Amino acid sequence: MLLTSRARTPRGPSARPGTSRRLKSALLASAVSVCLVAASAPAAPLGVGDRLFPYLGNPGYDVASYDLSFTYSGANDKSLQAVTTIDAWTTTALDRINLDFAHGKVDSVEVDGEPADFASAGDDLVVTPEDSLAPGSWMRITVRHTSDPVSPADRDGGWVRTTDGLAMANQADAAHLVFPCNDHPSDKAMFTIRITAPNGYTAVAGGLPTGVARVGRATTWTYRTQHPMATELAQVSIGRSTVVHREGPHALPVRDVVPTKDRALLEPWLKKTPDQISWLEGKVGPYPFETYGVLMAEASTGFELETQTLSLFERDLFTEPGYPQWYIESVMVHELSHQWFGDSVSPRTWSDLWLNEGHATWYEALYAEEKAGRTLQARMKAAYGASDRWRAEGGPPALPEAPRPGQKISIFRPNVYDGSALVLYALRQEIGRPAFEHLERAWVRDHRDSTATTADFERLAEEISGRDLTGFFKDWLYGEKTPPMPGHPDWKPAPPVAKADPKPDLKSVPKSAPHAVAKVAPKAPRAAK
């Protein structure tokens, strides 16, 4: 496979003794000609070949760390000044380096301290260093750029403007609307994030704080992760906020970020997190990161999001009276579950999304059953009835349809939420509760801080159960129709509707199970990514 976006100078065998001067001159002229053609070749976008997002991510290198610096002016409709530094290993010879970056002005690029040429191509920033890079080279790319918080008219995600500042929502492929990166979950890396803002603002990011420096009228906060993170999980909050600290299980630092004016109003919800962490640890094992907390933002997104160590929630979820308490708590557990399933163990490709959302929906439903008597079996039976329709509209759980143009988050359909939790329920029915619970713990233990695929999950399930599950997974994960439910021969799919439902606006309709099938709240339900 050709992993560079322009031709390389041929390096043929050395001329043997006796080779004529004319031949040497011809070879040299040919090499020069190839170089001139290569130098003039236009920049082109690349990708890692993800089935759902073909041009997302870039081949040829493996990012080790990001160092992000943002300077906020105090106006959330003005571009931030930013510097992104990427340390990476090359995995093949590179004449050009493609980064994902599509919504900011690039002022300069350096590679290993030397100025480099750059050009835009699609959603890529294509960097041409002075010298080509050999396989296995350590490289440092520094990009000085702006980061525009005003979303493009035809794009989802990136910066989210709140009433008093900014937050991030980079899922599924929007981190590159904020900073240059290799924007695919298969390339996780360590992060250091610095935010400078006028005094009076508070800035928080994923990871742990490592310093605060006030100089004149501005303050700089620095945060650093202790575990690798996918770009889509990065979080930065800038606002008139209060950071509330408490202790979780095993002295885990828990910090929540809330609008200062709502500190007392939101405390009844904030204090639930330590017990929710303990509950999940009892199901799947130790919490996988260095800290956790919730970011309650005054923003209208239509979803909640599992950004690593600092999950994003809309403030209104907790303050509007239309949502039952058990429902709000189950949504909190949904995002918390993602810290294990999706954040610590990240999908190798976006087609593996069902492993994230199916598990988060599963533990959300278990929590609602144990804490509020909302029976799992009733919910799964309802999901079974709708499953054929979900598969027809969005594809089978492990073979989801591509997003609709201009709506990248439209991959978040019911088939990857309750439709995928239904697969887990069927698996538990098939292999028994003890083997299933062993599988869940082994999955997050064996793949911690890494990426994994559907095939990895299938292999582990077979190893632990001691059974050949090839037919089971083929039918449940890839079948156009929902297979019979083990142990429930009476469960039947709902009759097909006479006319296909209209395509919904995925920003405002449910994507997780309580929204999709429970219909518990008098208000329109919310989406929990």
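This structure is a prediction, so every number in the text was calculated from the model and none was measured.
Aromatic ring centroids of Y425 and W491 lie under 6.0 Å apart. Residues F436 and W362 place their aromatic rings such that the two centres sit under 6.0 Å apart. Residues Y323 and F318 place their aromatic rings such that the two centres sit no closer than 6.0 Å. The aromatic ring centroids of H176 and F101 lie 6.0 Å or more from each other.
The one candidate from Q276, K272, K371 that meets the side-chain hydrogen bond (donor to acceptor under 3.5 Å, both in side chains) condition with E329 is K272.
Defined by atom type and a distance below 3.5 Å, a donor-acceptor pair is present between the side-chain atoms of R348 and T451. No side-chain N or O of E369 forms a donor-acceptor pair with one of Q377 less than 3.5 Å apart. Between the side chains of Y61 and S137, not a single donor N or O lies within less than 3.5 Å of an accepting N or O. Judged by distance alone, the side chains of H338 and N356 never bring a donor and an acceptor atom under 3.5 Å apart. One side chain, T192 or R224, offers a donor N or O that lies under 3.5 Å from an acceptor on the other.
Summarising the geometry, atom OG1 belonging to T90 is positioned 6.0 Å from atom CG belonging to L133; distances are rounded to the nearest 0.5 Å.
Between the side chain of E232 and the backbone N or O of N170, no donor-acceptor pair lies under 3.5 Å.
Ring planes of F457 and W443: perpendicular class, angle over 60° (limits at 30 and 60°).
With respect to the salt-bridge test (charged N to carboxylate O, under 4.0 angstrom), the residues D456 and R459 qualify.
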